[in-house]
Amino acid sequence: TITDGDIRRYIINTGELDGTIENIYNKNPIILYDNQLSFELLREYFLDNKIDLIPIVNKELELVDYRIWSDILSFNPTSKLSKQAVEIDTSVVIMAGGKGTRLAPLTYVLPKPLVPIGDRPIIEYTIKSFFSYGIKDFYITLNYKGEMIEAYFNSFKKDYKISFVYEDDYLGTAGSLSLLSDRLTKDNFFVINCDVLLNIDYSDVLAFHKRYNACMTIVGCLKNYKVPYGILETDIDGNVKAFTEKPEYNFYINTGLYLLNKKVLSFIPKSSYFDMSSLIKLLLEKGERVISYPIIEKNYIDIGELENYKRLLKIV
């Protein structure tokens with residue numbers, strides 16, 4: 001069998017984006033035989049192994065069927081079993097102080113976090129995605145039109161807590177975290193840009209972060225880019241040394257979601273402009289462990305680009 005987790009572990013362990021399935025797939029997967037099936041056994045396998053799907057094979061180990069978690073619920077409607085998101089105890093910092101110039105002219109009137117998608121603003125989608133994992137402690141860093149954002153959240157009752165943190169000046173993508181050094185009490189906390197939407201398992205990101213004892217985990221999206229032209233390689237005299245027809249490149253991009261250990265706060269200068277890229281560089285220079293949690297492109301969208309925002313509106 002092969003899952004996205006198998007591929008992720010291969011990339012993390014080897015640092016390679018190219019590979020063959022023989023190097024990645026699970027040679028000893030959890031399976032059940034077609035003559036073993038029962039509700040009790042399926043329930044036991046799903047709960048004990050915390051998996052979503054079990055392949056069903058015959059005695060020759062040929063795949064003949066599969067069962068998924070929802071089969072258990074539909075098989076016994078009175079069952080109180082549920083496979084909900086694993087709740088995690090941490091905090092989330094949402095960076096919402098920027099001017100949102102890429103979304104102009106919308107942001108001439110509204111701050112970027114309040115730009116609507118359907119019947120709610122961007123920032124509410126972010127909060128709801130974390131809230132589904134039991135997270136109820138949110139910090140929002142504010143600057144540009146920050147009063148509008150605070151007024152919006154003060155206009156309705158919430159099941160979670162929001163603390164608003166105002167910058168006196170624009171402090172960059174990491175500088176405003178220095179304002180929270182005395183307020184963040186959890187060992188690890190998420191930091192996310194307010195203009196991204198992600199479809200990922202936050203509990204898995206936290207488990208991954210702890211497993212590798214990381215100081216910072218950056219959620220990276222695997223992108224494939226195909227150059228639409230033939231590429232020439234020439235020497236200084238113009239002689240063609242090689243030619244590649246429409247090459248393809250694989251690389252990671254930063255999604256704008258981070259998981260930080262609270263000791264990172266000691267590396268951030270107080271009330272000074274400081275970008276996340278500078279923080280990452282400093283952590284690496286100091287020998288701290290910075291790792292990447294890879295996701296696929298379909299699970300990430302950058303709403304901060306006007307064209308991406310327009311495309312999203314068509315499908316919401």
message = For the CG atom on Asn28, are there more than 12 heavy atoms of other groups (residues, nucleotides or ligands in this structure) within a distance under 6.0 Å?
response = no

query = Is the number of heavy atoms from other residues, nucleotides or ligands under 6.0 Å of Asn13 CG greater than 12?
reply = yes

Side chains of [X] and [Y]: closer than 4.5 Å at any heavy-atom pair?
X: Leu259; Y: Tyr293; result: no
X: Thr217; Y: Tyr212; result: no
X: Tyr258; Y: Val264; result: no
X: Leu184; Y: Tyr139; result: yes
X: Phe274; Y: Leu282; result: yes
X: Leu306; Y: Leu106; result: yes
X: Lys99; Y: Thr107; result: no
X: Phe190; Y: Ile88; result: yes

Please check: side-chain N/O of [X] versus main-chain N/O of [Y], any donor-acceptor pairing under 3.5 Å?
X: Thr255; Y: Val219; answer: yes
X: Asn239; Y: Asp235; answer: no
X: Asp201; Y: Asp204; answer: yes
X: Asn261; Y: Lys263; answer: yes
X: Asp275; Y: Ser277; answer: no
X: Arg8; Y: Pro294; answer: yes
X: Ser91; Y: Phe189; answer: no

inquiry  = One thing to verify: whether Lys186 and Asp137 come together as a salt bridge, which I'm taking to mean a side-chain N less than 4.0 angstrom from a carboxylate O.
reply    = no

remark   = Residue pairs passing the ring pair (Phe, Tyr, Trp, His ring centres under 6.0 Å) test with at least one member in residues 227-249, sequence neighbours excluded, are none

Rounded to the nearest 0.5 Å, what separates atom [atom1] in [X] from atom [atom2] in [Y]?
X: Leu63; Y: Asn58; atom1: CG; atom2: CG; result: 9.0 Å
X: Asn188; Y: Cys215; atom1: CG; atom2: SG; result: 9.5 Å
X: Thr126; Y: Ile303; atom1: OG1; atom2: CD1; result: 6.5 Å
X: Met216; Y: Ile291; atom1: CE; atom2: CD1; result: 11.0 Å

For [X], side chain to side chain donor-acceptor pair (under 3.5 Å) partners two or more places apart:
X: Lys226; value: none
X: Asn26; value: none
X: Asp168; value: none
X: Tyr202; value: Ser129

task = Determine whether the side chains of Asp195 and Tyr309 contain a donor N or O and an acceptor N or O closer than 3.5 Å.
result =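 Side-chain D/A pair, Asp195 to Tyr309: absent.
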
Measure across [X] and [Y] and return the closest heavy-atom pair with its distance rounded to 0.1 Å.
X: Phe267; Y: Lys286; answer: CE2-CG, 3.7 Å
X: Lys270; Y: Ser178; answer: NZ-O, 3.7 Å
X: Asn193; Y: Val196; answer: O-CG2, 3.5 Å
X: Thr173; Y: Met276; answer: OG1-N, 2.6 Å

message = Is there a path of hydrophobic side-chain contacts, each under 4.5 Å between heavy atoms of I/L/V/M/F/W/Y residues, joining Ile149 to Ile94?
response = yes

request  = Output every pair passing salt bridge (charged side-chain N to carboxylate O under 4.0 Å, His left out) with a member in residues 144-166, not counting sequence neighbours, ordered by first then second residue.
outcome  = none

inquiry  = Classify the ring geometry of Tyr152 against Phe156: parallel below 30°, tilted from 30° to 60°, perpendicular beyond 60°.
reply    = perpendicular

